[in-house]
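The structure under discussion appears below in the form of structure tokens.
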Amino acid sequence: MAHSQGWVKRYLKAFCKGFFVAVPVAVTFLDRVACVARVEGASMQPSLNPGGSQSSDVVLLNHWKVRNFEVQRGDIVSLVSPKNPEQKIIKRVIALEGDIVKTIGHKNRYVKVPRGHIWVEGDHHGHSFDSNSFGPVSLGLLHAHATHILWPPERWQKLESVLPPERLPVQSEEECLLGSL
């Protein structure tokens, strides 16, 4: 009997040691390196959730890649919603600081993205709550860069940083003036 109690005690001691090492390591990894998230809604169709409400894509979110706020036009990013800090949204980066973007339904036809900000939009323009609604987004709200679709298995793929040609930033302020004539 004493022998079996000694085994249980050693097992519990080893389990607790492992647990108290593994949990902080796992939490740090998920917070600083990468995690997975389910994408809901139609705002990023057809890139994400092409089947609509029948299925939700699960994506790999790379926190490490945005740690220095280094994003490129076309990247799909997760960010804290500027209107609801409790919610994370996923959008495509359309313009970077200093770029002039032709908006879709924003109060101003053209917007120059201020320093420390980006312009984000959903791929499904009529069904997206994005910078056209709330304006440029502070880089401080960046959460992660979506790099891969992990689920469903038939959609496993790397997410490419592609900017639709019609969403390229305006080259100059003169183009803005000509475009508004």
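The basis for the numbers below is simple: all heavy atoms, side chains too, and nothing from hydrogens, waters or symmetry mates. Small disclaimer: the values here were computed from a predicted structure and weren't measured.
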Looking only at non-hydrogen atoms, find the nearest pair between S47 and I149 and report the distance. O-CD1, 3.9 Å
Is there a path of hydrophobic side-chain contacts, each under 4.5 Å between heavy atoms, that joins V101 and I104? no
Working to the nearest 0.5 Å, report the span between CD of E121 and OG of S128. 7.5 Å
Over all heavy atoms of both residues, which pair between I118 and L142 is shortest? Give the atoms and the distance, please. CD1-CD2, 4.2 Å
Please enumerate all residues that pass side chain to side chain contact (heavy atoms under 4.5 Å, CB included) together with E70, with sequence neighbours excluded. N68
Separation of T147 OG1 from L60 CG (nearest 0.5 Å): 4.0 Å
Could I get the full list of side chain to side chain contact (heavy atoms under 4.5 Å, CB included) partners for S131, not counting sequence neighbours? W119, V120, F134, V137
Can you name the nearest heavy-atom pair linking R38 to E40, along with the distance? NH2-OE2, 2.8 Å
Please, which pairs that meet salt bridge (charged side-chain N to carboxylate O under 4.0 Å, His left out) have at least one residue in residues 123-135, sequence neighbours excluded? R92-D123
E97: salt bridge (Lys or Arg N to Asp or Glu O under 4.0 Å) partners, not counting sequence neighbours: none
Should V77 and F129 be counted in the same cluster of Ile, Leu, Val, Met, Phe, Trp and Tyr side chains packed under 4.5 Å apart? yes
Say you draw a straight line from OG1 of T103 to CD1 of I94; how long is it, rounded to the nearest 0.5 Å? 12.0 Å
Strictly distance-based, threshold 3.5 Å: is any side-chain N or O of D99 a donor or acceptor partner for the main-chain N or O of V113? no
Spatial distance of atom CD1 (I76) from atom CD1 (I90) [nearest 0.5 Å]: 6.5 Å
May I ask whether F69 and W64 are part of the same hydrophobic cluster, defined by side-chain heavy atoms of I, L, V, M, F, W, Y residues being less than 4.5 angstrom apart, directly or through others? no
Distance-minimising heavy-atom pair for G98 and K112: O-CE, 3.7 Å
Just to verify, what does K158 make a side chain to side chain contact (heavy atoms under 4.5 Å, CB included) with, not counting sequence neighbours? H148, E160
H124: which residues meet the ring pair (Phe, Tyr, Trp, His ring centres under 6.0 Å) condition with it, sequence neighbours left out? H127
Can a donor-acceptor pair be found, under 3.5 Å and without considering hydrogens, that links the side chain of S78 to the backbone of A144? no
What residues, two or more places apart in sequence or in another chain, satisfy side chain to side chain donor-acceptor pair (under 3.5 Å) together with S161? D75
Taking side chain to side chain donor-acceptor pair (under 3.5 Å) as the definition, give me every residue that meets it alongside H106, ordered by chain and number, with sequence neighbours left out. none
Any donor-acceptor pair under 3.5 Å linking the side chain of R167 with the backbone of K102? yes
Is there side-chain contact between P169 and L163, with heavy atoms separated by less than 4.5 Å? yes
Compare every heavy atom of N49 with every heavy atom of V39, then report the nearest pair and how far apart it is. O-ND2, 2.8 Å
Joint cluster assignment, L141 & L61, ILVMFWY side-chain distance < 4.5 Å: no
Atom pairs and distances, donor-acceptor, side-chain atoms in residues 82-89, under 3.5 Å, two or more places apart:
residue, atom, partner, partner atom, Å
N84, OD1, E86, N, 3.1

With sequence neighbours left out, what residues match P153 under side chain to side chain contact (heavy atoms under 4.5 Å, CB included)? W151, W156
In Å, rounded to the nearest 0.5 Å, how long is the span from NZ of K91 to CG of L79? 8.5 Å
Can you tell me if H145 uses its side chain to pair, donor with acceptor, with the backbone of H63 under 3.5 Å? no
Which salt bridge (charged side-chain N to carboxylate O under 4.0 Å, His left out) pairs, counting each pair once, include a residue from residues 137-155, with sequence neighbours left out? D57-R155
How close do V111 and P136 get, counting heavy atoms only, and between which atoms? CG1-CG, 4.1 Å
